[in-house]
Amino acid sequence: MSRLAPHRSAPDFRPVLDRIAAEIDATPERGRPADYIPLLAEADPRRFGMAVAEPDGTVYGVGDWRRPFSAQSITKVFTLALVLSMDGERLWRRVGREPSGNPFNSLVQLEYENGVPRNPFINAGALVVTDRLQELTGDAVGRLREFMRAESGNAGLDFDPKVAASETAHGDRNAALAHFMASYGNITTPIPQLLDAYFRQCSIEASCADLALAAGFLARHGTRADGSALLSRSQAKQVNAVMLTCGTYDAAGDFAYRVGLPGKSGVGGGIIAVVPGHCTLCVWSPGLDRRGNSVAGVTALDRFTTLTGLSVF
Ligand code: GLN
C-alpha cells in the first residue's frame with residue numbers, strides 16, 4: 001500500500017484500502033474473465049487492485065494498483081467527455097441517455113428505436129460517440145490517448161495491438177451494430193475504419209492509478225489536471241448522471257443500490273467511480289459476473305462507500 005504524491009492533510013484512505021484488500025483476499029467467489037475476447041480470457045481472476053485519487057492528484061493504492069490492464073469500456077467515459085466538450089448538446093440527437101436494461105452488446109432495441117442507441121455506454125452508443133469524435137477531430141483514438149496520457153501523467157499509456165487484433169478477429173457483433181446504425185444514417189465513418197478505432201480505443205492498457213487520475217475531472221466539476229476547463233460544471237454533473245444510470249449496463253440499478261456512485265465498468269475487469277468534489281476510484285479484478293462487471297470490483301466499491309460513508313446520496 002502506497003501513494004504517489006507527498007501526503008497532505010486528511011483524509012487518509014490507506015486503512016480503508018488495506019481493509020478492503022484483506023476482505024477481498026478472503027473471498028473465494030471471483031467470477032470469470034471475459035472469454036469472447038480470447039486474449040482477455042487469460043487473465044487471472046485472483047488479481048485485485050484499487051486506487052483512490054484526490055482532486056489534487058494524490059493517489060492511494062493497494063494490491064495491483066499500478067499494474068496495467070485492458071481498460072475496455074471505461075474508455076467510453078473519456079470519449080463521451082471529449083465529444084461533449086467540443087460539440088455540446090448536439091450529440092444527444094444521435095444517442096439517448098436512458099438505461100437500456102439490456103446487455104451491453106445487445107442488438108434488439110436498435111431496430112425498434114430507429115438506429116438511435118439508448119445511451120453512450122452500451123456498445124452501439126459508444127460506436128456513435130467514437131464516430132462523432134472521428135468526425136470532429138479526424139483522429140478519435142489519437143485524441144483519446146493524448147487526453148488520457150495528460151490526465152494520468154503517464155506518457156507511456158498506450159493501446160495494446162494484440163488485444164485490438166484479438167477483438168477484431170471476434171468482432172462480428174460490434175460490426176453488426178455499426179452496420180445497422182449506418183443503415184439509419186447514424187454512422188458516417190467507413191465501418192472498417194470505425195471498428196478499428198473502437199477496438200483500439202477499448203484496448204488501451206492503463207492501471208488503477210492511471211484511470212483514477214484520468215477520471216479526476218469528474219470529481220473536479222469538469223476541470224482538467226492542468227486547471228483548464230474540459231467541461232462546464234453542469235456538463236460534468238451530466239456525465240456523472242449518465243454513469244450512474246447507464247455505466248454498468250443492465251446492472252446499473254444494482255450498482256446504484258450497492259455502491260451509490262457514478263461508475264463505469266469494462267470487460268477487462270476495471271471499474272471507475274466518482275465521488276464528486278472528493279475523489280475518483282478505480283478498482284480492477286478480471287473475474288466478471290454475467291452482466292460483464294467485475295465481481296470483486298463491485299464488492300470493493302460497495303465496501304468503500306459503506307466504510308467511508310462517501311456517496312452521492
Ligand atoms: N471491447 C468490448 C466490446 O466491444 C468492450 C465491452 C465492455 O467493456 N463492456 O465488446
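FYI, the numbering just counts along the sequence from 1. Any value given below was found using the heavy atoms of this structure, including those in side chains, with hydrogens, waters and symmetry copies removed. Counting starts at 1 for both ligands and their atoms, following the listed order.
Shown here for Cys208 and Cys282, the closest heavy-atom pair between the two residues is O-CB, 3.4 Å.
Here Arg149 pairs with Asp158 in a salt bridge; the nearest charged N to carboxylate O distance falls below 4.0 Å.
Contacts of ligand 1 (protein heavy-atom distance under 4.0 Å) are Tyr36, Gln72, Ser73, Phe104, Asn123, Glu167, Asn174, Tyr198, Cys202, Tyr249, Gly266, Val267.
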All N/O donor-acceptor pairs, side-chain side in residues 31-45, below 3.5 Å, sequence neighbours left out:
| from | atom 1 | to | atom 2 | distance (Å) |
| --- | --- | --- | --- | --- |
| Arg32 | NH2 | Asp35 | OD2 | 3.0 |
| Asp44 | OD1 | Arg46 | N | 2.9 |

Sequence neighbours left out, cut at 3.5 Å: what donor-acceptor pairs do the side chains of residues 168-175 make with other protein atoms?
| from | atom 1 | to | atom 2 | distance (Å) |
| --- | --- | --- | --- | --- |
| Thr168 | OG1 | Ala164 | O | 2.7 |
| His170 | ND1 | Ser166 | O | 3.0 |
| Arg173 | NH1 | Asn105 | O | 3.0 |
| Asn174 | OD1 | Asn123 | ND2 | 2.9 |

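Partners of Glu113 according to the side-chain contact (heavy atoms from CB on, under 4.5 Å) rule, which considers only residues two or more places apart in sequence or in another chain, are Gln109, Arg118.
Using a 4.5 Å cut-off on side-chain heavy atoms (C-beta onward), Arg145 and Phe78 make no contact.
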